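Structure first, commentary second.
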Amino acid sequence: MSILAAGRRHSVACRDDGSVLAAGNGRAGECDVASWSGVIAVAAGNVHSARNTGRSHTIGLRADGTVVATGWDRHGQTEVSTWSEITAVAAGWRTTLGLRRDGTVVATGRRAEGQVDVGAWRDVVSITCGDWHCAAVRHDGTALATGNNQRGQGEIGEWRDLTGISAGCLHTIGVRDDGTAIATGENSSGQCDVAPWRRATAVAAGSHHSLALCDDGSVHAVGDNRFGQCDVEGWRDVTAIAAGSRHSLGLLADGTVVATGDDADGQCDVSTWQLGTDRSPRCCRQCSAPGSTSLTQHGPCSTADGSGRSSSRWIPR
């Protein structure tokens with residue numbers, strides 16, 4: 001599940017007790033999460049850094065399968081109050097996705113680039129949103145994509161054996177069940193140079209950088225590092241990651257959070273956060289409900305950015 005999420009100018013995280021923390025610029029209401037309760041996963045609408053970007057939204061998945069939202073809503077990206085039986089959420093610039101328990105996907109928000117055309121998707125186990133495109137992993141390890149494909153970020157139809165996926169501004173990265181990674185799309189900053197990665201368990205795509213969480217608790221990073229968003233080589237005992245526009249987050253095994261990168265709006269002010277160390281019930285309350293499908297009979301869930309770049313895969317046993 002997506003315990004951490006990073007947006008353009010803010011960061012969010014859910015605690016063991018179901019409450020949510022936020023840091024950074026909240027001018028559009030994206031940090032107004034203090035009243036939320038019962039939340040088991042979060043997503044943050046991310047977007048590339050530019051003079052005409054900045055406002056964002058935040059999504060919270062409750063343990064009962066309903067969804068809450070706050071922040072920028074110009075395109076209807078926070079209109080999620082009627083959703084139910086949701087097991088994962090993802091947020092892009094002006095888009096929100098919800099994965100239903102039956103493996104179908106619901107979407108709301110901007111439609112111009114086709115990023116919400118997910119009605120035909122079936123057997124989905126993982127979802128992610130980029131700036132103008134959305135992607136998913138199916139139960140058989142194949143991938144789906146919709147929306148803008150200007151830089152080839154949607155060319156994932158031949159990918160196989162995936163366990164997770166994450167969408168950036170104009171690129172997409174996936175992690176395979178053998179711990180290797182694959183990427184496609186814009187690579188001007190080296191954000192797709194993931195071929196050397198090994199032992200990866202989760203991936204997170206920022207606007208122009210990419211992260212991978214390894215099975216030993218270390219983190220790989222490639223891509224744009226002008227703000228230090230890739231300075232993760234010293235991180236250890238990491239259990240979850242998230243990538244924003246120009247910053248990166250990591251959840252440590254002791255429940256604290258580390259951050260690096262652009263902190264102009266205080267989005268890296270997470271040093272006082274304590275999320276708790278027992279994550280086990282958070283992905284199982286809904287899965288154990290009557291009528292749960294085989295998609296939700298799983299082992300540990302991988303966590304990625306969600307930046308809304310969230311990527312949660314239900315792993316069958």
Side-chain angles (χ1 to χ4, degrees), residues 1-7 10-14 21 23-24 41-44 46 88-91 126-130 137 162-168 171-176 179-181 183 191 194 197-225 227-263 267-268 270-271 273 275-277 279 282-283 300-313:
M1 298 293 289
S2 305
I3 299 165
L4 291 177
H10 78 298
S11 301
V12 292
C14 55
L21 300 170
V42 289
N46 190 27
V89 289
S126 176
I127 52 175
T128 183
C129 297
V137 176
L162 296 179
T163 61
I165 197 166
S166 188
H171 76 293
T172 305
I173 56 176
V175 59
R176 300 187 184 102
T180 60
Q191 60 265 51
V194 301
W197 290 355
R198 296 293 183 269
R199 302 176 66 181
T201 61
V203 289
S207 290
H208 303 289
H209 72 292
S210 301
L211 305 178
L213 174 63
C214 299
D215 60 9
D216 63 355
S218 62
V219 179
H220 293 313
V222 294
D224 182 18
N225 195 34
F227 293 83
Q229 59 265 52
C230 291
D231 293 343
V232 299
E233 62 277 358
W235 290 6
R236 296 292 183 269
D237 299 321
V238 179
T239 62
I241 53 174
S245 180
R246 299 188 298 202
H247 73 292
S248 301
L249 303 176
L251 172 64
L252 304 187
D254 64 2
T256 60
V257 179
V258 291
T260 188
D262 186 6
D263 192 33
Q267 60 265 55
C268 291
V270 299
S271 61
W273 287 7
L275 305 189
T277 57
R279 317 305 309 187
R282 306 183 72 78
C283 61
C301 299
S302 33
T303 303
D305 154 57
S307 50
R309 318 283 195 203
S310 40
S311 172
S312 300
R313 166 151 181 165

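Predicted model, so just to flag it, every value in this text is computed and none were measured.
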Do you know which two heavy atoms are closest between [X] and [Y], and how far apart they sit?
{"X": "Cys129", "Y": "Ala91", "value": "CB-C, 3.5 Å"}
{"X": "Leu249", "Y": "Ala6", "value": "CD1-CB, 4.1 Å"}
{"X": "Val12", "Y": "Ala44", "value": "CG2-CB, 4.3 Å"}
{"X": "Ala183", "Y": "Val194", "value": "CB-CG2, 3.8 Å"}
{"X": "Leu213", "Y": "Ile241", "value": "N-CD1, 3.5 Å"}
{"X": "Cys230", "Y": "Asp224", "value": "SG-O, 3.5 Å"}

Does [X] reach the side chain of [Y], with side-chain heavy atoms less than 4.5 Å apart?
{"X": "Asp262", "Y": "Gln229", "result": "no"}
{"X": "Thr163", "Y": "Arg176", "result": "no"}
{"X": "Trp235", "Y": "Ser248", "result": "yes"}
{"X": "Val258", "Y": "Val270", "result": "no"}
{"X": "Val222", "Y": "His209", "result": "no"}
{"X": "Leu275", "Y": "Leu4", "result": "yes"}

Name of the residue among Gln191, His171, His220 meeting side chain to side chain donor-acceptor pair (under 3.5 Å) with Ser210: His171
Donor-acceptor under 3.5 Å (Thr128 side chain, Ala167 main chain): yes
Test item: Ser126 side-chain N/O and Gly164 main-chain N/O as donor-acceptor pair under 3.5 Å: no
Residue list, salt bridge (Lys or Arg N to Asp or Glu O under 4.0 Å) with Asp237, at least two apart or on another chain: none
At what distance, to the nearest 0.5 angstrom, does [atom1] of [X] lie from [atom2] of [Y]?
{"X": "Leu252", "Y": "Thr239", "atom1": "CG", "atom2": "OG1", "result": "7.0 Å"}
{"X": "Asn46", "Y": "His10", "atom1": "CG", "atom2": "NE2", "result": "9.0 Å"}
{"X": "Thr201", "Y": "Asp215", "atom1": "OG1", "atom2": "CG", "result": "6.5 Å"}
{"X": "Asp254", "Y": "Thr256", "atom1": "CG", "atom2": "OG1", "result": "3.5 Å"}

Name of the residue among Thr172, Val203, Val175 meeting side chain to side chain contact (heavy atoms under 4.5 Å, CB included) with Ser166: Val203
